[in-house]
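All remarks here apply to the structure that follows.
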Amino acid sequence: VQLQASGGGLVQAGGSLRLSCLASGRTFIENPIMGWFRQAPGKEREFVAAVRWSTGATVYADSVKGRFTISRDKAKKTIFLQMNSLKPDDTAIYYCAANPRGILSTMRIANEYDYWGQGTLVTVSS
C-alpha cells in the first residue's frame, strides 16, 4: 500500500489549503478508514480527521471541527482535507494514513493505522 500526500504550503492566517492523498494497493479491496494526522515541531502526532471509505462517515478532532472537511473520491482513490480559516496553531506536517480494518471506534487512534504517507508541510503565518 502506498500513500502520497500533497498540497501543503505557506498560507496566511485565515487562508485555506486543500491537501490530497493518493492511495494505491490492496487496502482498497477491504473498506479501510482513511485519516489525516499532523505533527507540529516538538509535539506528538495528533489526529485531525478520518473518513470511512465505504460509507463516507467522518470524524474530526475538536480543534478543527467546523474549519476542516475530509472527503474521498472513490474513483480516483484519493482523499482530501479542505482546510479553511487556518490558524498558526495548524502549522504542522500533515500525514495521511490508512486503517485497513475499518473499525469505526478506532478512527482516532494512530496505532490502528498501518500505512502512512510521507507527509506534507503546512505553515500558517500570523
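Atoms CD and CG, on Gln39 and Leu121 in that order, are 12.0 Å from each other to the nearest 0.5 Å. The CG atom of Leu17 lies 9.5 Å from the OG1 atom of Thr123; values are rounded to the nearest 0.5 Å. The CZ atom of Phe68 sits 7.5 Å away from atom OG of Ser63, with the distance rounded to the nearest 0.5 Å.
Looking at every heavy atom in both residues, Leu3 comes nearest to Cys21 through CB-SG, 3.9 Å. The shortest heavy-atom contact between Asn31 and Ser54 is OD1-CB, 3.3 Å. The two residues Val59 and Arg108 come nearest to each other via the heavy atoms CG2-NH2, 3.1 Å. A pairwise comparison of heavy atoms in Asp90 and Ser85 identifies OD2-O, 4.4 Å as the closest pair. Shown here for Thr78 and Trp53, the closest heavy-atom pair between the two residues is N-CH2, 3.9 Å. Closest of all the heavy-atom pairs between Cys96 and Ile79 is CB-CD1, 4.2 Å.
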**Request:** Carefully, step by step, assess Gln82 and Ser16 under the rule side chain to side chain contact (heavy atoms under 4.5 Å, CB included).
**Result:** CA-CA 7 Å; Gln82 178 66 44; Ser16 298; 3.9 Å; yes
**Message:** Set out, in order, the CA-CA distance, both residues' side-chain angles and the distance that settles side chain to side chain contact (heavy atoms under 4.5 Å, CB included) for Met83 and Trp36, then state yes or no.
**Reply:** CA-CA 12 Å; Met83 305 186 295; Trp36 288 97; over 6 Å; no
**Message:** Evaluate Asn99 against Asp114 for side chain to side chain contact (heavy atoms under 4.5 Å, CB included), listing each step before the verdict.
**Reply:** CA-CA 6 Å; Asn99 174 344; Asp114 294 349; over 6 Å; no
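Taking hydrophobic clusters as Ile, Leu, Val, Met, Phe, Trp and Tyr residues chained together by side-chain heavy-atom distances below 4.5 Å, Ile93 does not share a cluster with Met34. In the hydrophobic clustering of this structure, Leu19 groups with Tyr115; members are Ile, Leu, Val, Met, Phe, Trp, Tyr whose side-chain heavy atoms approach within less than 4.5 Å, directly or through other members. Both Val64 and Leu81 are assigned to one and the same hydrophobic cluster, defined by single-linkage of ILVMFWY side chains at heavy-atom distances under 4.5 Å. Ile33 and Tyr60 are assigned to two separate hydrophobic clusters, defined by single-linkage of ILVMFWY side chains at heavy-atom distances under 4.5 Å. The cluster map of Ile, Leu, Val, Met, Phe, Trp and Tyr, joined by side-chain heavy atoms under 4.5 Å apart, puts Tyr94 and Leu22 in different clusters.
Both tests do not hold together for Arg38 against Tyr95: distance to the six-membered ring centre under 6.0 Å, angle to the ring axis within 45°. In this structure, Arg72 is not positioned above the aromatic face of Phe80 in the sense of NZ or CZ being under 6.0 Å from the six-membered ring centre and within 45° of the axis.
At least one donor-acceptor pair closer than 3.5 Å links the side chain of Thr120 to the backbone N or O of Gly8. For the pair Arg52 (side chain) and Leu104 (backbone), a donor-acceptor distance under 3.5 Å is absent.
Within 6.0 Å of atom CD in Glu46, more than 12 heavy atoms from other residues, nucleotides or ligands are found, so the atom counts as buried in its surroundings. Counting non-hydrogen atoms of neighbouring residues, nucleotides and ligands closer than 6.0 angstrom, the CD atom of Gln2 reaches no more than 12 such neighbours.
Ring centroid separation for the pair Phe37 and Tyr113 comes in under the 6.0 Å cut-off.
Between Lys65 and Asp62, at least one side-chain nitrogen of the basic residue sits less than 4.0 Å from a carboxylate oxygen of the acidic one, meeting the salt-bridge criterion.
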